[in-house]
S.K.: 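Submitted below is the structure of interest, expressed as structure tokens.
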Amino acid sequence: SDMDITARCDNGAGGLLGFSLGGTIENSSYQGTIDCASYTQEYRPAYVGGLVGAFPGMLDGLRIVNSTSAGQIQFKGGSAGGLVGQGMVTAAPDPNNPEAALPDGIVIDASSSSMAITADATGLYLAGGLVGMSNLVDISNSHTSGNITIGDGDQAELSTGGAVGGLVGFVTGALSQEKAARIRNSYATGAVQVEAVIADDDVTSGPVVGGAVGWVYGWSKFENVDATGDVSVAVNAPCAVGECEWAMSRVGGLAGALYSSEDVEAPAVINNSHASGQVSATNQLSSAIIGGLVGEILAGRSLQFQNSYAT
């Protein structure tokens, strides 16, 4: 497909499919601009992807094989991904074997995106070079090269935080849903940049940003994952020094934050993975948690960490 799209995007907008119940996309491509920011009516969160906008996972998993996207995505908030914007899958958690549920979610193999993703955000922003947000993500042999830039433009006001990553933005879900991310033999080379003025203390977190993955709120395994792009976050919050912990950002060259609960018995894994971009956080009046590889790790029961580093 080779065309430009301008839409409201709140019901899903994609280069191939705005909304998908599942199935396989193979040997397919999209090139063009998907503009969810120019719609003049009231703001609504967008679900936008280079191939698929929204995937509710009601019937089957969504599998993307040997497919690509190129061009640009523009949005004001919601969830945006170079291949898939958002996917939520009903899968009962298995604390002993979270990998078993992955085929029910978004599965990406031998695919890539060079989509540049930009937002003058007015609401929650979730953005990833391949997937914006999902509770189940399985990525292998894939890569991204587009830059992701989140800002507040001339509005000087961003009322909530978000999660941004070079491959995946946010992995999370309800308590009744399995939450797992497995990424193997994949890399991101684009820069990830977030600039925000947080207007009030209604937020629960500042930006969570990583060169490959923004935020995983569940089980995670990274094997042979590389991020080479620069990662930068700048936050300004209107409060006195020492009173802005609610605006704290988490920033890492590979991942911003990896969380899992005590219920997850399977260990989190980071193996043969690396980050080489410059990592920076400038938080006026608030603090930041920053790491060359991972910003913050709260791994429920255990973490396996082997041959992984930042340079």
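If you're wondering where the values come from, they're calculated on a predicted model, not measured in any experiment.
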S.K.: With distance as the sole test, does Ser67 use its side chain to make a donor-acceptor pair with the main-chain N or O of Ser111 at under 3.5 Å?
M.R.: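 No, Ser67 side chain to Ser111 backbone: no donor-acceptor pair under 3.5 Å.
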S.K.: Nearest 0.5 Å, please: how far is OG in Ser142 from CZ in Arg184?
M.R.: 10.5 Å
S.K.: Are Tyr259 and Val208 connected in a single hydrophobic cluster, I mean Ile/Leu/Val/Met/Phe/Trp/Tyr linked by side-chain heavy atoms less than 4.5 Å apart?
M.R.: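 In one cluster with Val208: Tyr259, yes.
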S.K.: Can you measure from NZ (Lys179) to CE (Met88) and round to the nearest 0.5 angstrom?
M.R.: 8.5 Å
S.K.: Taking all heavy atoms of Ala180 and all of Pro98, pick out the closest pair and write down the distance.
M.R.: CB-O, 4.1 Å
S.K.: For the residue pair Gly253 and Ala227, what are the closest heavy atoms and their distance?
M.R.: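 That closest heavy-atom pairing would be O-CB, 3.4 Å.
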S.K.: Find out if a path of hydrophobic residues (ILVMFWY) with successive side-chain heavy-atom gaps under 4.5 Å connects Ile183 to Leu303.
M.R.: yes
S.K.: Tell me if a side-chain donor or acceptor on Asp4 pairs with a main-chain N or O of Gly32 at a distance below 3.5 Å.
M.R.: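 No: the side chain of Asp4 does not pair with the backbone of Gly32.
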S.K.: Can you check whether Ile270 reaches Leu258 side chain to side chain, under 4.5 Å on heavy atoms?
M.R.: yes
S.K.: Below 4.5 Å, heavy atoms only, C-beta onward: do Trp219 and Ser260 meet side chain to side chain?
M.R.: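 Result no, sub-4.5 Å side-chain heavy-atom pair not found.
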S.K.: What verdict does the side-chain contact (heavy atoms from CB on, under 4.5 Å) test give for Asp226 and Leu254, after you've listed the backbone C-alpha separation in whole Å, the side-chain angles of each residue and the deciding distance to 0.1 Å?
M.R.: CA-CA 7 Å; Asp226 290 320; Leu254 187 75; over 6 Å; no
S.K.: If you define the side chain from C-beta out and look only at heavy atoms, does anything of Leu102 sit under 4.5 Å from Val107?
M.R.: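 No, side chains not in contact.
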S.K.: Less than 4.5 Å apart, any side-chain heavy atom of Phe55 and any of Ile106?
M.R.: yes
S.K.: Looking at residues at least two apart in the chain, or sitting in another chain, which of them share a side chain to side chain donor-acceptor pair (under 3.5 Å) with Asn185?
M.R.: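 Asn185 satisfies side chain to side chain donor-acceptor pair (under 3.5 Å) with Asn224 only.
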S.K.: Given the rule that I, L, V, M, F, W and Y join up when any side-chain heavy atoms are under 4.5 Å apart, are Val233 and Ile297 in one cluster?
M.R.: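 They do share one cluster, since a chain of ILVMFWY contacts under 4.5 Å joins Val233 to Ile297.
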S.K.: Between Val48, Ile148, Asn147, which is the residue that forms a side chain to side chain contact (heavy atoms under 4.5 Å, CB included) with Ile117?
M.R.: Ile148
S.K.: Can you sort out the partners of Glu26 under salt bridge (charged side-chain N to carboxylate O under 4.0 Å, His left out), two or more places apart, ordered by chain and number?
M.R.: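 Salt bridge (charged side-chain N to carboxylate O under 4.0 Å, His left out) list for Glu26, sorted by chain: empty.
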S.K.: Going by side chain to side chain donor-acceptor pair (under 3.5 Å), name the residues that satisfy it together with Ser113, two or more places apart in sequence or in a different chain.
M.R.: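 Testing Ser113 for side chain to side chain donor-acceptor pair (under 3.5 Å), a comparison that skips the adjacent residues, returns Ser69.
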S.K.: If you look at every heavy atom in Gly14 and Ile34, which pair is closest and at what distance?
M.R.: C-CD1, 4.1 Å
S.K.: Minimum heavy-atom separation for Ala163 to Trp215, with atom names?
M.R.: CB-CB, 4.0 Å
S.K.: Can you confirm whether Leu21 sits close enough to Pro56 that some side-chain heavy atom of one is under 4.5 Å from a side-chain heavy atom of the other?
M.R.: yes
S.K.: Applying ring-ring contact (aromatic ring centres under 6.0 Å, His included), can you list everything that pairs with Tyr47, at least two apart in sequence or on another chain?
M.R.: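 Not a single residue meets the ring-ring contact (aromatic ring centres under 6.0 Å, His included) criterion with Tyr47.
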S.K.: Can you give me the closest heavy-atom contact between Val52 and Ser20, atom names plus distance?
M.R.: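 Heavy atoms only, the tightest pair is CG1-CB, 3.9 Å.
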S.K.: Do Ser249 and Val209 come close enough that some side-chain heavy atom pair is under 4.5 Å?
M.R.: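 Not in contact.
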S.K.: Check step by step if side-chain contact (heavy atoms from CB on, under 4.5 Å) holds for Ser186 and His143.
M.R.: CA-CA 5 Å; Ser186 299; His143 65 273; 6.0 Å; no
S.K.: Is there side-chain contact between Leu167 and Val225, with at least one heavy-atom pair below 4.5 Å?
M.R.: yes
S.K.: Strictly distance-based, threshold 3.5 Å: is any side-chain N or O of Ser273 a donor or acceptor partner for the main-chain N or O of Ser308?
M.R.: no
S.K.: Could you give the distance from CG (Leu51) to CD1 (Ile64), rounded to the nearest 0.5 Å?
M.R.: 5.5 Å
S.K.: To the nearest 0.5 Å, tell me how far Asp138 CG sits from Arg182 CZ.
M.R.: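 Separation between the atoms: 4.0 Å.
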S.K.: Can you tell me how far the OG atom of Ser280 sits from the CG atom of Asp230, to the nearest 0.5 Å?
M.R.: 7.5 Å
S.K.: Could you go through the side chain to side chain donor-acceptor pair (under 3.5 Å) check for Gln306 and Gln304 one step at a time?
M.R.: CA-CA 7 Å; Gln306 295 180 333; Gln304 294 180 1; 5.9 Å; no
S.K.: Against Ile108, only a single residue in Val131, Ile25, Val168, Leu62 fulfils side chain to side chain contact (heavy atoms under 4.5 Å, CB included); can you say which?
M.R.: Val131
S.K.: Partners of Tyr309 by ring-ring contact (aromatic ring centres under 6.0 Å, His included), sequence neighbours excluded?
M.R.: His274
S.K.: Answer yes if Val65 and Leu17 sit in the same cluster of Ile, Leu, Val, Met, Phe, Trp and Tyr residues linked by side chain heavy atoms under 4.5 Å apart, and no otherwise.
M.R.: no
S.K.: Measuring from atom CZ of Phe170 to atom OG of Ser134, what distance do you get when rounded to the nearest 0.5 angstrom?
M.R.: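 Output value for this atom pair is 11.5 Å.
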S.K.: Go through the steps to decide whether Lys76 and Tyr125 satisfy the test side-chain contact (heavy atoms from CB on, under 4.5 Å), and finish with yes or no.
M.R.: CA-CA 8 Å; Lys76 290 186 176 181; Tyr125 51 91; over 6 Å; no
S.K.: Any ion pair linking Glu296 and Arg250 (charged N to carboxylate O, less than 4.0 Å)?
M.R.: yes
S.K.: For Gly50 and Ile73, which heavy atoms make the closest approach, and how far apart are they?
M.R.: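 Residues Gly50 and Ile73, closest heavy atoms: N-CD1, 3.8 Å.
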S.K.: Taking side chain to side chain donor-acceptor pair (under 3.5 Å) as the definition, give me every residue that meets it alongside Gln278, ordered by chain and number, with sequence neighbours left out.
M.R.: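 Applying side chain to side chain donor-acceptor pair (under 3.5 Å) to Gln278 gives none.
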S.K.: Applying side-chain contact (heavy atoms from CB on, under 4.5 Å), run through Val251 and Ile289 and close with a yes or a no.
M.R.: CA-CA 6 Å; Val251 188; Ile289 299 174; over 6 Å; no
S.K.: Applying the 4.5 Å side-chain criterion to the ILVMFWY set and letting contacts propagate, would Val216 and Val269 be lumped into a single cluster?
M.R.: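 Cluster IDs for Val216 and Val269 differ.
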